[in-house]
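See below for the structure under consideration.
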Amino acid sequence: MEQGRSPEEAAGHIGRYGKGYFPITVEEHLRQMRNCGFRAVEILWFSNLQAGFWGVK
């Protein structure tokens with residue numbers, strides 16, 4: 001809150017501590033996009049734990 005956050009925003013941020021998040025793999029992300037009807041799917045960029053994807057339906 002010292003940095004301008006509301007009490008609700010601060011509580012939401014603090015509530016995330018101690019929880020494990022298990023993101024899907026790049027391959028699973030591409031497969032899910034294809035399963036949703038995208039006929040063209042590609043990776044725009046990939047860097048460590050972040051990736052950008054695009055698709056054409």
Task: Glu28 versus Thr25, closest heavy-atom pair with distance - done: N-OG1, 3.0 Å

- [ ] Compare all side-chain heavy atoms of Ser6 with those of Met1 and state whether any distance is below 4.5 angstrom.
- [x] no

- [ ] May I ask you to test the Leu30-Ile43 pair for a side-chain heavy-atom distance under 4.5 Å?
- [x] yes

TODO: Check whether any side-chain heavy atom of Val26 lies under 4.5 Å from a side-chain heavy atom of Phe46, and answer yes or no.
DONE: yes

Task: Partners meeting side chain to side chain contact (heavy atoms under 4.5 Å, CB included) with Glu42 (sequence neighbours left out) - done: Trp54

Open item on the list: Using a 6.0 Å cut-off, check whether atom CZ of Arg34 has over 12 heavy atoms from anything other than its own residue.
Closed with: yes

Open item on the list: If we ignore hydrogens and angles and just use 3.5 Å, is the side chain of Lys57 paired with the main-chain N or O of Cys36 as donor and acceptor?
Closed with: yes

Task: Approximate separation, where rounding is to 0.5 Å, of Gln32 CD and Phe38 CZ - done: 11.5 Å

Task: Atom pair NE2 (His13) and CD (Gln3), whose distance is rounded to the nearest 0.5 Å - done: 9.0 Å

Task: Cluster overlap Leu44 with Val56, hydrophobic side-chain contacts below 4.5 Å - done: yes

